[in-house]
There are 2 protein chains.
Amino acid sequence: MLRKTLLNSEASTYYTLIGNTSIKRYFHTTRTVYNSLSSTKTSNNGPTGVVFMNMGGPSTIEETHDFLYQLFADYDLIPISKKYQDRIAKVVAHFRTPKIEQQYREIGGGSPILKWSNYQAKEVCKILDLQNPQTAPHKPYVAFRYANPLTDITYQQMLDDGVKRAVAFSQYPQFSYSTTGSSLNELWRSIKKLDPNRSIVWSTIDRWPTNQGLTDAFATNIRAKLNEFPVEKRDKAIILFSAHSLPMDVVNQGDAYPQEVSATVQKVMETLNFSNPYRLVWQSQVGPKPWLGPQTSDICEQLASEDQPLLFVPIAFTSDHIETLHEVDIRMIGASPFKENLKRCESLNGSKIFIDSIAQLVKGHLNNSNTNLKNPKNLFSNQLRLDFRMGDSFDGINDPLDVFGDHSKH
Amino acid sequence: MLRKTLLNSEASTYYTLIGNTSIKRYFHTTRTVYNSLSSTKTSNNGPTGVVFMNMGGPSTIEETHDFLYQLFADYDLIPISKKYQDRIAKVVAHFRTPKIEQQYREIGGGSPILKWSNYQAKEVCKILDLQNPQTAPHKPYVAFRYANPLTDITYQQMLDDGVKRAVAFSQYPQFSYSTTGSSLNELWRSIKKLDPNRSIVWSTIDRWPTNQGLTDAFATNIRAKLNEFPVEKRDKAIILFSAHSLPMDVVNQGDAYPQEVSATVQKVMETLNFSNPYRLVWQSQVGPKPWLGPQTSDICEQLASEDQPLLFVPIAFTSDHIETLHEVDIRMIGASPFKENLKRCESLNGSKIFIDSIAQLVKGHLNNSNTNLKNPKNLFSNQLRLDFRMGDSFDGINDPLDVFGDHSKH
């Protein structure tokens, strides 16, 4: 039997320095940690932090400007200029804020990504407490790259909570230097700033593009949505797997992302036994530079017709966010003359298959990794060192072994 | 017990019209068909043709010019101009011939692709004769897009041989409109020209990017080549899967190829249990327009060092050809100051695992397809119709059902 124990119910107030200019108050969401007292033994190593890392989005309209500033200031994501990045980010954020605020208004007043991340992380920790008592209690955290809760905030909370062992769990199933790489670089900066004595021992799940539960969850949601088409249209619907695009500069530097997104698509289609024609397309291009295509909107325009049903599947995010709720739902589907023929697959959000499977993923990771640096094992994927060698950051990770494993000084 | 039966040993001479300008003599390679007389029953439907389709390459230096002309004249491969393609192709072929002839000289006087294709097709038919008597005898054919034997030549030979049922078996495991699409478009033109009464009933294996035997064969060759590195270097070798690139124009139109190549890479790495870091890279870019990257040569230059072993794996062709033997072996590895650390994985060529697996693939295809157009089944993949809808050709396939299935007029 599962009993809820309220471990931390105070609404804590943090003051976060955003950029160099403005101080924003951030109310840390009330966090409830569940423990199964009947089956969980607390291990001697103190709580295990399970940290969901993602780009995040503004939970309220007011946070939009700071979110945009953080985003455009990230050289790892949008390499504009090592010298002028910050200044350009301020200008771009200033000019884009009204438009993007309006978009967040149109999807209900903010991004749901924090709500879903909190829910998913909490549910995963409940499962881990039940199934993996040797690393219990498990404490759920969210660390966003551009929105609250930012990495520094979450790190401080983890220190306050006495976390000794933590998993940086990227919520981008497919690795890009500009997303997961950026989040891990930020984690490294937080470690150096807030935890120089290395009281928290870290490892990371840096990619999981073909995780069976992930692709099963996608396939289940796709089948459900296909079934909403009339029978005569169902089989001829084209599935458009849509992922956030990358600038060709980043692709041509050897970023792992396009290959890994493709791998996810293939495994989902295998699970569906290739029931429908499909295509991998790319969305959310901004600016004048070339990005990886084909563009989702172009292909939608080319293929959609009275006779041609299309099903959009967001394949590189696990929660709803502005790119699904606004870009696809409102701008592509809503604005199409053939909208009756266009549907979007549910994002994974609260999918039970999905949450169960990522709990198993974390469990396997915890049990198969060795944080002792004399014999480190599975602290990160076999790709990560190469990713950081090929990527280019301001003050980023040089060797992942500097970040992960037991560096505690005692 | 297997007994060799020489069914067709005459060296036939064909005169092929190449372009509009030159007539070239082509000596059709002596073809031997093996039958297992002990286990094979000849079916009532006459011989089954197994047609290995590929781009081909000049078997002799003298064929280089015509190969280049055919290649640059193919709008499906290199969309230059619907109006001036042919004229431009003549000029480009003229100017590139001396350089490319020199490259073929440096790899031994011609491309080995015909030799390997003949061998693979023959071996596959031997296996099919043994294992699938209901469609025997199986007759091996090769149809190249740009070199001898061209599709028309092979088609005429098949008609002369009395073939009734044939499988167009693309030797590009991953579908691109510019490769497999182009070969199938050419087949369609041959059908209309040489077989208007549709005496041969066709189906196609148009893609097989994650065929188990294919990826096992790659993994086996990779393991063998990794073992040639000294023990201390083996685990840190980076595997560079190198595929022929595509112009970004083609990628951005929604060509299936990048996703399918990525899928092959993923499955090979799964088979290897992600033993080494890897990257998918793209080679053979020509001309000033942007192509899909990262470029193999750039990544090689960036990563190769005294301390960094690299293993090149040609992942999108099944035989050796100029891009492996010259571009990788001579220009990248041979010219590198770190050549001791650079190796290339064997191409599949005569790999027994590979040949067995593609025989099973053809067997499954023959047994699971229904050519009756009242109830057509598995005549082509569920993707092919979309590929032809998105592609853009001169005189190409509109609907694959026009080409495949039983259209015989009797």
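Lettering follows sequence order; numbering is per chain, from 1. Heavy atoms only: backbone and side chains are in, while hydrogens, waters and symmetry mates are out.
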Exercise. Which pair of non-hydrogen atoms, one from B:Val251 and one from A:Gly293, has the smallest distance, and what is that distance?
Worked result: CG1-O, 3.6 Å
Seminar exercise, completed: Cut-off 4.5 Å, heavy atoms of chain A, and the answer for B:Trp291 is backbone
For this session: Please look at A:Val281 and chain B and tell me whether the side chain, the backbone, both or neither of the residue comes under 4.5 angstrom of a heavy atom of that chain.
Result: neither
Exercise. Is the number of heavy atoms from other residues, nucleotides or ligands under 6.0 Å of B:Lys82 NZ greater than 12?
Worked result: yes
Exercise. With only heavy atoms counted, which part of B:Tyr278 is less than 4.5 Å from chain A, the side chain, the backbone, both or neither?
Worked result: both
For this session: Walk me through it: do A:Ile299 and B:Met390 pass the test side chain to side chain contact (heavy atoms under 4.5 Å, CB included)?
Result: CA-CA 9 Å; A:Ile299 297 297; B:Met390 297 179 87; 3.4 Å; yes
For this session: Against chain A, label B:Arg385 side chain, backbone, both or neither, depending on which of its atoms sit under 4.5 Å from a heavy atom there.
Result: neither
Problem set entry | B:Gln253 portion near chain A, given a 4.5 angstrom heavy-atom threshold | backbone
Exercise. Which one of B:Leu384, B:Asp298, B:Leu303, B:Asp235 has the most heavy-atom pairs closer than 4.5 Å to chain A?
Worked result: B:Leu303
Problem set entry | More than 12 heavy atoms of other groups within 6.0 Å of A:Glu232 CD | yes
Problem set entry | Neighbour count >12 (heavy atoms, 6.0 Å) for atom CD, B:Gln212 | yes
Exercise. Heavy atoms, side chains only, cut-off 4.5 Å: are B:Arg389 and A:Ile238 in contact?
Worked result: yes
Exercise. For B:Leu386 and A:Arg279, what are the C-alpha separation, side-chain angles and deciding distance, and is it a side chain to side chain contact (heavy atoms under 4.5 Å, CB included)?
Worked result: CA-CA 9 Å; B:Leu386 179 57; A:Arg279 208 56 45 150; 3.5 Å; yes
Exercise. Between A:Asn382 and B:Ser275, which heavy-atom pair has the shortest distance, and what is it?
Worked result: ND2-O, 3.0 Å
For this session: Could you tell me which residues in residues 254-269 of chain A have at least one non-hydrogen atom under 4.5 Å from a non-hydrogen atom of chain B, sorted by residue number?
Result: A:Gly254, A:Asp255, A:Ala256, A:Pro258, A:Gln259, A:Glu260, A:Ser262, A:Ala263, A:Val265, A:Gln266
Exercise. Any chance CG of A:Asn398 has more than 12 other-residue heavy atoms, nucleotides or ligands included, within less than 6.0 Å?
Worked result: no
Exercise. Can you tell me how far CG of B:Asn252 sits from CD of A:Gln295, rounded to the nearest 0.5 angstrom?
Worked result: 7.5 Å
Problem set entry | Sub-4.5 Å side-chain heavy-atom contact between B:Leu292 and A:Met248 | yes
